[in-house]
S.K.: 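The structure follows.
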Amino acid sequence: MGKNSDTDTDTAIQSIEWREDHLRILDQTYLPKREVYSDIRDVGRVWEAIKKLRVRGAPAIGIAAAYGFYMGIKELPESTFDSFLVEVERVAEYLEGARPTAINLKWALNRIKTTIQAHKDKPIDEIKEIVLKTAKTIHDEDKRICKKIGENGVSLVKKDAKILTHCNTGSLATGQYGTALSVIFHAHEEGKDLQVWVDETRPLLQGSRLTAWELMNAEIPMKLITDSTAGSIMRQGKVDMVIVGTDRVAANGDTANKIGTYPLAVLAKENDVPFYVAVPLSTIDMELENGDEIPIEERDDEEITTFNGSQVAPKKVETYNPAFDITPHKYITGFITEKGIIEPPFKESFEKLFED
Ligand SMILES: CSC[C@H]1O[C@H](OP(=O)(O)O)[C@H](O)[C@@H]1O
């Protein structure tokens, strides 16, 4: 195994850690050049870390928000439960506003609010500690879920597979291991002779900056490509499967993921390449019927008009910078979840999953 054995618990990268009374994050905006860790002690800095993608990736965003929720309520004065609840809702709404697309943010906050309601007869200080305990549970569960996603996905990976992936879906984007990258880490661990095509993933380059860093740490053979190269290597028969992550899946299987995923899915269909989405159940939003209902985050012009601080477009140029796109479920071969591989028809399969 390489420097970071990503399926070995004690050495896999931890982008988020709770340390006694504060959150320690690996600030991803400095990677790959520098590994910079920040200690965060207040909810405002959690909000900023999520907004600026210092912490990013749907599961990681949910975990950070859960700890941020605790930071936002832990100093609240003793009060009636109803007054406490008003403040709880304010903190939750504040955190939820950091980024709209990844459902894990809302999912984690709602899970904590449900827990608070379940303990409403307890003293406020006790409830606060239960909130921290819930955040830690969400974090620990995510590590186990991502490991299981990886284990479940290995069966889909042929022994000498060439896998294409987009954005970053590794330990950096989750509690540990990742989602799509967890499948790759586990397949490599099982001795499969992989080669990974890594989309650079403009404009924020999560692929070249983060996925390449994780795969090289794990010594998994890979080649970095521009996003616009993906189609031609599929046409040339150089891609055996595509595995991506997701930020939110609607009840019918329509999937929101990093911008550039939809064209990948269409190209995969055109070239008969299986297209899989690796997803924890926490990222499936059964309240949304289809992908058109998923809010798509739009981000600042500078992400497109500058590169490493240099102007790469005319000043004052108008931009359109959606951070995600929607892939209709008809382009998706299957979902790799902690409960196994989900094949079409997705709506029925998801309903059964959530019933069990
Ligand atoms: C395992 S979730 C990863 C998911 O999140 C990324 O978005 P962002 O970097 O903006 O947080 C991307 O959509 C990945 O597929």
Side-chain angles (χ1 to χ4, degrees), residues 47 50-51 56-66 68-69 85 88-118 131 134-135 137-139 141-142 145-146 149 169 173-175 179 244-259 261-262 265 276-298 322-332 334-356:
W47 185 96
I50 293 173
K51 182 74 184 170
R56 45 145 299 282
I61 289 172
I63 296 163
F69 203 173
L85 215 50
V88 161
E89 285 297 342
R90 182 183 57 76
V91 172
E93 200 178 322
Y94 169 69
L95 280 165
E96 215 174 300
R99 295 188 76 192
T101 305
I103 183 63
N104 296 62
L105 178 48
K106 189 175 171 187
W107 168 84
L109 298 172
N110 285 346
R111 178 165 166 181
I112 290 181
K113 288 197 283 187
T114 304
T115 305
I116 289 172
Q117 284 290 355
V131 167
T134 308
T137 302
I138 289 170
H139 193 175
E141 280 176 359
D142 186 72
I145 285 166
C146 288
I149 288 171
T169 62
T174 63
T179 56
V244 297
T246 173
D247 295 80
R248 189 180 288 201
V249 181
N252 71 345
D254 292 350
T255 291
N257 196 48
K258 186 52 50 193
I259 190 76
T261 302
Y262 169 61
Y276 284 95
V277 178
V279 60
L281 297 195
S282 56
T283 307
I284 299 173
D285 185 354
M286 292 303 284
E287 288 179 18
L288 298 185
E289 265 190 46
N290 61 62
D292 294 336
E293 297 177 49
I294 299 175
I296 299 295
E297 177 187 11
E298 289 187 34
F324 302 99
D325 59 21
I326 301 296
T327 297
H329 60 83
K330 68 179 181 181
Y331 293 107
I332 298 171
F335 290 91
I336 305 168
T337 78
E338 65 271 33
K339 298 284 190 189
I341 311 300
I342 309 299
E343 289 169 350
F346 297 125
K347 187 169 185 333
E348 291 75 358
S349 305
F350 287 162
E351 282 165 353
K352 195 174 173 327
L353 265 187
F354 284 97
E355 268 163 24
D356 293 351

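Note that the structure is predicted; figures quoted are calculated from it, not measured. Note that these values count all heavy atoms, side chains included, but never hydrogens, waters or copies made by symmetry.
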S.K.: Please name the pair of heavy atoms, one in I326 and one in A256, separated by the smallest distance, quoted to 0.1 Å.
M.R.: CD1-CB, 3.7 Å
S.K.: Between T101 and I294, is any pair of side-chain heavy atoms under 4.5 Å apart?
M.R.: yes
S.K.: Salt bridge between K347 and E351, side-chain N to carboxylate O under 4.0 Å?
M.R.: yes
S.K.: Tell me which donor-acceptor pairs under 3.5 Å the side chains of residues 286-293 have, and how far apart each pair is, sequence neighbours excluded?
M.R.:
residue	atom	partner	partner atom	Å
N290	OD1	D292	N	2.9
E293	OE2	E289	N	3.2

S.K.: Quick one, N257 and V277 - any side-chain contact, counting heavy atoms below 4.5 Å?
M.R.: no
S.K.: Is the Y262 ring parallel, tilted or perpendicular to the Y331 ring (thresholds 30°, 60°)?
M.R.: perpendicular
S.K.: I'd like to check P280 versus T337 (side-chain heavy atoms, cut-off strictly below 4.5 Å). Are they in contact?
M.R.: no
S.K.: What side-chain hydrogen bond (donor to acceptor under 3.5 Å, both in side chains) pairs are there with at least one residue in residues 103-112, not counting sequence neighbours?
M.R.: N104-S282, N104-T283, R111-E141
S.K.: T255 versus H329: any side-chain heavy-atom pair under 4.5 Å?
M.R.: no
S.K.: Taking all non-hydrogen atoms of both residues into account, name the closest pair between G68 and L95 and its distance.
M.R.: C-CD1, 3.8 Å
S.K.: Hey, what do you get for CG (D285) to CD1 (I103), rounding to the nearest 0.5 Å?
M.R.: 4.0 Å
S.K.: When you measure from the side chain of K258 to the backbone N and O of A323, does any donor-acceptor pair fall under 3.5 Å?
M.R.: yes
S.K.: Within a strict 4.5 Å, meaning less than it, do heavy atoms of the L85 and I116 side chains meet?
M.R.: yes
S.K.: About how many Å separate CD of E338 and CG of D142, when rounded to the nearest 0.5 Å?
M.R.: 9.0 Å
S.K.: Measure the spacing between CD of E355 and CG of L353 and express it to the nearest 0.5 Å.
M.R.: 9.5 Å
S.K.: Which residues pass the salt bridge (Lys or Arg N to Asp or Glu O under 4.0 Å) test with K339, sequence neighbours left out?
M.R.: none
S.K.: Among I332, V279, I284, which one satisfies side chain to side chain contact (heavy atoms under 4.5 Å, CB included) with T246?
M.R.: V279
S.K.: Could you check whether any side-chain heavy atom of F69 comes within less than 4.5 Å of a side-chain heavy atom of L109, counting everything from C-beta outward?
M.R.: yes
S.K.: Do V249 and D254 touch side chain to side chain, with heavy atoms closer than 4.5 Å?
M.R.: no
S.K.: Taking the side chain as every heavy atom from C-beta outward, state whether F324 and R99 have any atom pair closer than 4.5 Å.
M.R.: yes
S.K.: Using every non-hydrogen atom in the two residues, find where A66 and I138 come nearest and quote the distance to one decimal.
M.R.: CB-CD1, 4.2 Å
S.K.: Taking all non-hydrogen atoms of both residues into account, name the closest pair between A173 and P59 and its distance.
M.R.: O-CD, 3.4 Å
S.K.: Determine whether the aromatic ring centres of F335 and Y276 lie less than 6.0 Å apart.
M.R.: no
S.K.: Considering non-hydrogen atoms only, spot the tightest contact between I259 and P322 and give its length.
M.R.: CB-O, 3.5 Å
S.K.: First locate atom CG of L281, then atom CZ of F354, and finally report the distance between them rounded to the nearest 0.5 Å.
M.R.: 4.5 Å
S.K.: Is the count of non-hydrogen atoms from other residues, nucleotides or ligands lying under 6.0 Å from E348 atom CD greater than 12?
M.R.: yes
S.K.: With rounding to the nearest 0.5 angstrom, report the CD1 to CG distance, I63 to L105.
M.R.: 12.0 Å
S.K.: Considering all heavy atoms of both residues, which atom of E343 and which atom of S349 are nearest to each other, and what is their separation?
M.R.: O-OG, 3.2 Å
S.K.: Rounded to the nearest 0.5 Å, how far apart are CD1 of I336 and OG1 of T179?
M.R.: 9.0 Å
